[in-house]
Amino acid sequence: MTPDDLAETVRAAVAAAIDAGDFAAPVPDDVVVEHPKNREHGDYATNVALRLAEPAGKPPREVAAAIKSRLEAAAGIAAVDIAGPGFLNVTLAKDAFGELARTVVTAGTAYGSNTALAGQRINLEFISANPTGPLHIAHVRWAAVGDAMARLMQASGAYVEREYYFNDAGAQIERFAASLYAVATGAPVPENGYQGHYIEDIARRVIDANPGLTGEVEEKAVEVFRREGIELMFADIRASLERLGVHFDVYFNERDLHASGAIEDTVRRLRAAGHVFDADGAIWLRTTDFGDDKDRVIVRSDGRPTYFCADLAYYVDKRERGFDKVVIILGADHHGYLGRMRAMVAGLGEDPDEHFEIPLGQLVTVHGSRLSKRAGNVVTLDELVDAISVDAARYALVRSSMDSAIDIDADLWVRHTNENPVFYVQYAHARLASLQRNAAELGIDRGDDFDPGLLSDERETDLLSAVGEYPRSVASAAELREPHRVARYLESLAGTYHRFYDACRVLPQGDEEATPLTAARLWLCEATRVVLANGLGVLGVSAPDRM
RNA sequence: GCGCCCGUAGCUCAGCGGAUAGAGCAGGUGCCUUCUAAGCACUUGGUCGCAGGUUCGAUUCCUGCCGGGCGCGCCA
């Protein structure tokens, strides 16, 4: 019996009690059962009676008593107790509980997926760094979180496209090109220019492909450095992302919005809607009508649209491509954008709460100092992966709440010790995979069936209930856009498994024969392995068979 | 000044209104002739920043303070 099954059983018991006139209240459609921290409180607990007490106009414990008598009679329920202010503590029948192992193994890779976001088309944009340098550790956080978020939303039934937005024109790129040219000609890097080995590297590669380039007229040479430098830089970025296992469905260039006239169309549309005014030679959007703290320029006095204006057109483009939700992961350093972005959506006549979402993430620091692409001495995506592996990098960056600024101690990461929880979780999976191999070598097969009632040891029921929590972990993480919840869940599951491993021998030793309990435990172990593999998969981390 | 985030064990952090607030690391003591000891068991450690409010119940929600981070451009 899964937690969802139990919730439905409880709901039915409540409905029966109400039908019988035990108390009068609307039947709740969101009955919650949870796994209590204290196991003396049974396998599951529900606060439904506490919630119904007020509408019923009766003391909570009285409502609980009415539900208890109905619930006790239900299939798969061993005992129901009323505790504290009116909690209902439920103990499942052992065989009903053990059936969970079969449910999980049968579902396999599909176990944990749900339909909470079914039918939704979601466009998820993240990273979106311009090609003026390699991705560094702050970008990697959005790569790891964004990709995991996409996988989570897909596991919840949504159609998701991952999108990367960039601009290869503008001041940043000009500085990039000028820096390449300066390095190539031995001139000092201009003020606000880019520095670092990668600039020298890119400059060299451009020169290798264009011998004699430095002898050209500066204007012409810079243009070549710009065009080819961007191409090389972007190729490196994509290669780094591939290495990390992050694949984008769409790389969208801001230039296309200018070329297609989408920006002018959007300005026209906003003007027709009456949200635009002219002042100081520029065109403004009256975002203060929609809660922004000041109005924003969308077309500069020299006629060039602002970055923000392109964002307007970009949003429209995404919606016209059929996405119900436009989600953009941004760093906290962009949070000033949130107000005007929401105002912009409202100005376009849409409800930002329905179609627009910006999960904000706090920044990553190294040695307490803020990373900057211009600092020269930064930890890049590749350096991080070289130091601690793809799995550790992804896991470490996804296991903390986005609301928390992560302080990465570079020395700790380089140390590569077991202090990293990813090993703890992967090790549990490797142990389980090893167990399957050993069982096969001993000629032991878990068979098509087992006696679920045999899984009655405390460690076994702990493991069963942990495994049963997985789908809800996925669903809530997807709904809340908080992938770190899955990581924390996996750490907890791994701990529960390691304790089981320590206390419950699975395979026979010496001359012993395999017993029905052997088979039952093999089912439970396979169920655990499936959940660990699925959970790591959702985070984009491998589930190794050996370590 | 305004906005967002954070403040929980020595350290790093979990905890979408529930029961006695948890984990890892660090410190201490034990467990490998048997399925991976990258593991497990026991143990030390707390005014959940402070003060109010909301309610059957607040670490969680609201308000005000205190402390820290980030941002507030016709830059992106």
Side-chain angles (χ1 to χ4, degrees), chain A residues 32 34 36-38 40-41 45 47 50-51 53-54 59-60 83-87 89 128-130 132 166-167 170-173 254 279-284 293-294 296-302 304-311 331-339 360-363 365 368 370 399-407 409 412 417-421 423-424 426-428 430-439 441-442 444 476-477 479-480 482 484-485 487-489 491-492 494-495 497-510 512 518 521-522 525 546-547:
Chain A
V32 177
E34 55 181 20
K37 280 172 274 188
N38 188 336
E40 287 170 16
H41 295 147
N47 65 355
L50 288 162
R51 308 191 77 95
E54 191 176 335
F87 290 104
N89 293 333
S128 293
N130 281 340
T132 55
F166 69 101
N167 179 11
Q172 279 188 27
I173 295 290
E254 178 183 336
D280 305 327
I283 302 177
W284 298 67
D293 51 4
K294 63 169 95 165
R296 307 290 174 176
V297 169
I298 53 176
V299 180
R300 302 179 179 91
S301 47
D302 63 7
R304 289 155 48 232
T306 61
Y307 177 89
F308 172 54
C309 187
D311 273 345
D333 53 339
H334 285 75
H335 95 269
Y337 238 46
L338 215 147
L360 278 182
Q362 298 299 310
L363 302 182
T365 58
R370 165 82 184 281
R399 90 179 275 266
S400 292
S401 160
M402 284 174 68
D403 287 340
S404 293
I406 312 181
D407 183 29
D409 177 351
L412 181 72
T417 67
N418 60 1
E419 287 169 51
N420 192 328
F423 292 119
Y424 186 75
Q426 288 185 314
Y427 180 54
R431 265 188 163 177
L432 283 158
S434 171
L435 179 72
Q436 307 291 353
R437 286 194 301 272
N438 294 336
E441 275 177 28
L442 292 171
I444 297 171
S476 71
E479 182 194 340
L480 297 168
E482 295 186 349
H484 77 277
R485 288 172 180 275
R488 301 299 175 148
Y489 163 82
E491 289 167 33
S492 166
Y497 166 70
H498 287 309
R499 285 186 285 279
F500 160 84
Y501 175 91
D502 197 58
C504 300
R505 175 79 198 186
V506 177
L507 298 177
Q509 317 178 56
E512 294 174 7
T518 305
R521 284 182 170 167
L522 280 171
C525 283
R546 301 170 196 274
M547 289 179 76

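Just so you know, these numbers use all the heavy atoms, side chains as well, and skip hydrogens, waters and symmetry mates. So that the names make sense, note that chain A is the first sequence line, chain B the second, and so on, each numbered from 1.
Comparing B:A14, B:C16, B:C35 by their closest approach to the side chain of A:Arg488 singles out B:A14. Listed nucleotides: B:C13, B:G71, B:C35. Nearest to the side chain of A:Asp333: B:G71. Checked against B:C16, B:U36, B:C4, the side chain of A:His335 finds its nearest nucleotide in B:C4. When the nucleotides B:G69, B:U36, B:C74 are ranked by their closest atom to the side chain of A:Arg437, B:U36 comes out on top. Ranking B:C4, B:A14, B:C40 by closeness to the A:Ser400 side chain, first place goes to B:A14. In the set B:C5, B:A76, B:A14, the nucleotide with an atom closest to the side chain of A:Asn130 is B:A76. Minimum atom distance to the side chain of A:Asp403 is reached by B:C5, of the listed B:C56, B:C5, B:A76.
In this structure, A:Ala332 reaches the sugar-phosphate backbone alone: every heavy-atom distance under 4.0 Å involves primed, P, OP1 or OP2 atoms, never a base. Within the 4.0 angstrom heavy-atom criterion, base atoms lie near A:His41. Counting non-hydrogen atoms under 4.0 angstrom, A:Arg546 reaches a base of the nucleic acid. A:Cys504 comes within contact range of at least one nucleobase, with a heavy-atom separation under 4.0 Å. Residue-level contact check: A:Ser492 touches neither bases nor backbone, having no heavy atom under 4.0 Å from any strand. Among the atoms of the strands shown, none is found under 4.0 Å from any heavy atom of A:Ala439. Contact annotation for A:Asp311: no contact, since no heavy-atom pair falls under 4.0 Å across all strands. Among the heavy atoms of the strands, none lies under 4.0 Å from A:Ala428. A:Leu50 comes within 4.0 angstrom of a base, heavy atoms only.
Although no hydrogens or angles enter the test, the distance criterion places a donor-acceptor pair under 3.5 Å between the side chain of A:Arg300 and the main chain of A:Pro305. Using modelled atom types, no side-chain atom of A:Arg431 and backbone atom of A:Ala433 make a donor-acceptor pair closer than 3.5 Å.
Atom OG1 of A:Thr132 and atom CD of A:Gln172 lie 5.0 Å apart (nearest 0.5 Å). With rounding to the nearest 0.5 angstrom, the SG atom of A:Cys525 is 5.0 Å from the OH atom of A:Tyr497. To the nearest 0.5 Å, atoms CD1 (A:Ile444) and CG (A:Leu435) are separated by 9.0 Å. If you take CG on A:Leu480 and CE on A:Met402, they are separated by 12.5 Å, rounding to the nearest 0.5 Å. For the atom pair CG of A:Asn130 and CD1 of A:Ile173, the computed distance is 5.5 Å after rounding to the nearest 0.5 Å.
The base-pairing partner of B:C35, taking Watson-Crick or G-U wobble contacts with both distances under 3.5 Å, does not exist among the strands shown. Figure legend. B:A21 is base-paired to no nucleotide; pairs are counted as Watson-Crick or G-U wobble with both atom distances under 3.5 Å. Judged by Watson-Crick or G-U wobble contacts below 3.5 Å, the nucleotide B:C4 has B:G69 as its partner. Taking a pair to require two hydrogen-bonding distances under 3.5 Å in either a Watson-Crick or a G-U wobble arrangement, B:U60 remains unpaired. With a cut-off of 3.5 Å on both pairing distances, the Watson-Crick or G-U wobble partner of B:G27 is B:U43. Across all strands shown, B:U54 has no partner, as no Watson-Crick or G-U wobble contact with both distances under 3.5 Å is found. Under the Watson-Crick or G-U wobble criterion, with both distances below 3.5 Å, B:A9 has no partner in any strand shown.
When the P atom of B:G24 is taken as reference, atom CD of A:Glu491 falls 10 Å away, rounded to whole Å. Put simply, NZ on A:Lys294 is 16 Å from P on B:G71, counting in whole angstrom units. Look at CZ on A:Arg296: it is 14 Å from P on B:G3, rounded to the nearest Å. At whole-Å resolution of the value, CZ in A:Phe166 and P in B:A76 are 16 Å apart. Spacing between atom CZ of A:Phe500 and atom P of B:A41 amounts to 14 Å, rounded to whole angstrom units. Rounded to whole Å, the distance from CG on A:Leu435 to P on B:C35 is 11 Å.
Side-chain N/O atoms of A:Ser404 include one lying less than 4.0 angstrom from OP1 or OP2 on B:A14. For A:Asn89 and B:A19, the shortest distance from a side-chain N or O to OP1 or OP2 is not below 4.0 Å. Taking only side-chain nitrogens and oxygens, A:Arg300 comes nearer than 4.0 Å to OP1 or OP2 of B:A76. Proximity of A:His484 to the phosphate of B:G15: a side-chain N or O atom is located under 4.0 Å from OP1 or OP2. Residue A:Arg431 places at least one side-chain N or O closer than 4.0 Å to OP1 or OP2 of B:A37. At least one side-chain nitrogen or oxygen of A:Arg485 sits closer than 4.0 Å to the OP1 or OP2 atom of B:C16. Between A:Tyr424 and B:C40 there is a side-chain polar atom (N or O) within less than 4.0 angstrom of OP1 or OP2.
Here A:His334 does not lie in a stacked arrangement on the base of B:G71, lacking the combination of planes under 30° and ring centres under 5.5 Å apart. With centroids closer than 5.5 Å and planes inclined by less than 30 degrees as the test, A:Tyr501 and the base of B:G39 fail to qualify as a stacked pair.
Below the 3.5 angstrom threshold, one finds no donor paired with an acceptor across the side chain of A:Ser434 and the base of B:C35. With hydrogens and angles ignored, no donor-acceptor pair under 3.5 angstrom links the side chain of A:Asn47 to the base of B:A19. The base of B:G3 does not come close enough to the side chain of A:Asp293 for any donor and acceptor atom to sit less than 3.5 Å apart.
Between the C1' atoms of B:G39 and B:G3, the separation comes to 48 Å (whole Å). Between B:A38 and B:G71, the two P atoms lie 44 Å apart (nearest whole Å). B:A41 and B:C32 have their C1' atoms separated by 14 Å, given to the nearest Å. Between B:A14 and B:G7, the distance separating the two C1' atoms is 15 Å to the nearest Å. Remark: the separation of the P atoms in B:G64 and B:A26 is 42 Å, to the nearest Å. Of the P atoms belonging to B:C50 and B:U44, the separation is 24 Å, rounded to the nearest Å. The separation of B:C61 from B:C6, taken at their P atoms, amounts to 9 Å, rounded to a whole angstrom. Comparing the C1' positions of B:G22 and B:C48 gives an interatomic distance of 12 Å, to the nearest angstrom.
Comparing A:Gln362 and A:Pro36 against RNA chain B, the residue whose closest nucleotide sits nearer the 5' end is A:Gln362. When each of A:Arg51 and A:Tyr427 is assigned the nucleotide of RNA chain B bearing its nearest heavy atom, the one mapping closer to the 5' terminus is A:Arg51.
Between A:Tyr307 and A:Tyr337, the angle of the ring planes lies from 30° to 60°, which puts this pair in the tilted group.
Taking the charged nitrogens against the carboxylate oxygens, A:Arg304 and A:Asp302 do have a contact shorter than 4.0 Å, which makes a salt bridge.
In this structure the side chain of A:Ser400 reaches within 4.5 angstrom of the side chain of A:Arg488, judged on heavy atoms.
A glycosidic torsion no more than 90° from 0 defines the syn conformation, and B:C32 adopts it.
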